[in-house]
Amino acid sequence: MIEETGAEIADFSEPVEVAGTGTFKRFALARPYLGADRIINLPKLKTHEMMTMTCAVKNLFGAVVGTGKAGWHLKAGADRDLFARMLVELYLLRKPDLNIVDAVAAMEGDGPGSGDPRHVGLLLAGENAVAVDVVAAEIAGIPKKLLYIQRAAASLGVDGADRSEIETTGLPLEEACVPGFRLPHISDVQFGLPQFLKNRLRHYLTSRPCLAEERCRLCGVCKDACPPHAIHIREGRLSFDYHACIRCFCCRELCPEGALDVVEGTLVKIIKKFK
Ligand code: SF4
Ligand code: SF4
């Protein structure tokens, strides 16, 4: 298509530093992204083990140059709300002019690394990325409490976060809704806990990656991608340093063999049992 249309591929390797306007004071984003006359954002509707669902706002994380992404996971990835806030602040630096979501074939389940295709058969479009995400989440039936990005946008007073102010047109939403859209099975019980407790009890409250040794080829992809270097390969064995692990699940997303499963924290298991 690029050959046919004469379009050019922009090189996203050169970063330009821009001042943030909120919690995060500096972002290094790809020069063509900041210099473009118009940005058309083309996300897919996907489940995401860290953010529950990713769509228009999260897609803009692609404007962060190369290894800068791992840096952000390290700075903000240990706390889902903080990471979501970073994504929203990044979005505010340069809002796309149009967002078109490919939800023809969406992803459900343990996305983005181990999700399953789900035929939804929809295209969603809108000028406001946050509003597009809110509507996409409604179509997928995702509960508000699991929508970290939308929550961050609402707490920052960003336009589009309030569902009552969003107008939709086209197919009536009740007809567009997807029954039984499966969410990532990762869960934790961080909600509402003070930060110091979250930090102390993290190992018991949060899910963590764990190795299915029979599928691992020791290729090292996960080790190289791990932002805090919490994965080690020694004497032919792969191991995790769970104190250093920030639960970003980049390892699971990138493992070419699907050799990384998820174990829930002990307290999560107990709470679920009582539920
Ligand atoms: S990326 Fe997957 S296969 Fe490669 S070392 Fe890590 S767990 Fe093993
Ligand atoms: S071990 Fe996996 S989940 Fe933990 S920090 Fe590294 S990449 Fe992220």
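Basis for what follows: all heavy atoms, side chains included, without hydrogens, waters or symmetry-related copies. Whatever order the structure lists them in is the order used to number ligands and atoms, beginning at 1.
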ring-ring contact (aromatic ring centres under 6.0 Å, His included) with F61: which of Y33, F83, F12?
F83
Can you list the atoms of ligand 2 that are under 4.0 Å from a heavy atom of [X]?
{"X": "F240", "value": "1 (S)"}
{"X": "I231", "value": "1 (S)"}
{"X": "P228", "value": "5 (S)"}
{"X": "F249", "value": "3 (S), 8 (Fe)"}

Are M50 and L82 co-members of a hydrophobic cluster defined by side-chain heavy atoms under 4.5 Å apart?
yes
Between R247 and E49, does any side-chain N to carboxylate O distance fall below 4.0 Å?
no
Determine, for R215 against E257, whether the closest basic-nitrogen to carboxylate-oxygen distance falls under 4.0 angstrom.
no
Identify, for [atom], the protein heavy atom at the shortest distance, and state residue, atom and that distance.
{"atom": "atom 4 (Fe) of ligand 2", "result": "C245 SG, 2.3 Å"}
{"atom": "atom 8 (Fe) of ligand 2", "result": "C248 SG, 2.4 Å"}
{"atom": "atom 5 (S) of ligand 2", "result": "I246 N, 3.3 Å"}
{"atom": "atom 7 (S) of ligand 2", "result": "C251 N, 3.4 Å"}

So do the side chains of [X] and [Y] get within less than 4.5 Å of each other, counting heavy atoms only?
{"X": "M51", "Y": "L87", "answer": "yes"}
{"X": "L173", "Y": "I139", "answer": "yes"}
{"X": "P15", "Y": "F27", "answer": "no"}
{"X": "T54", "Y": "P43", "answer": "no"}

Positive for side chain to side chain donor-acceptor pair (under 3.5 Å) with R182, one of D110, D116, T47:
D116
Enumerated ligand 1 atoms positioned under 4.0 Å from heavy atoms of P256
1 (S)
Considering all heavy atoms of both residues, which atom of L45 and which atom of M53 are nearest to each other, and what is their separation?
CD1-SD, 3.7 Å
Output field: ring centroids W72/F24 closer than 6.0 Å:
yes
Using a cut-off of strictly less than 2.8 Å, determine whether C226 has an N/O/S atom near atom 6 (Fe) of ligand 2.
yes
Under 2.8 Å from atom 8 (Fe) of ligand 1, the protein N, O or S atoms found are C216 SG
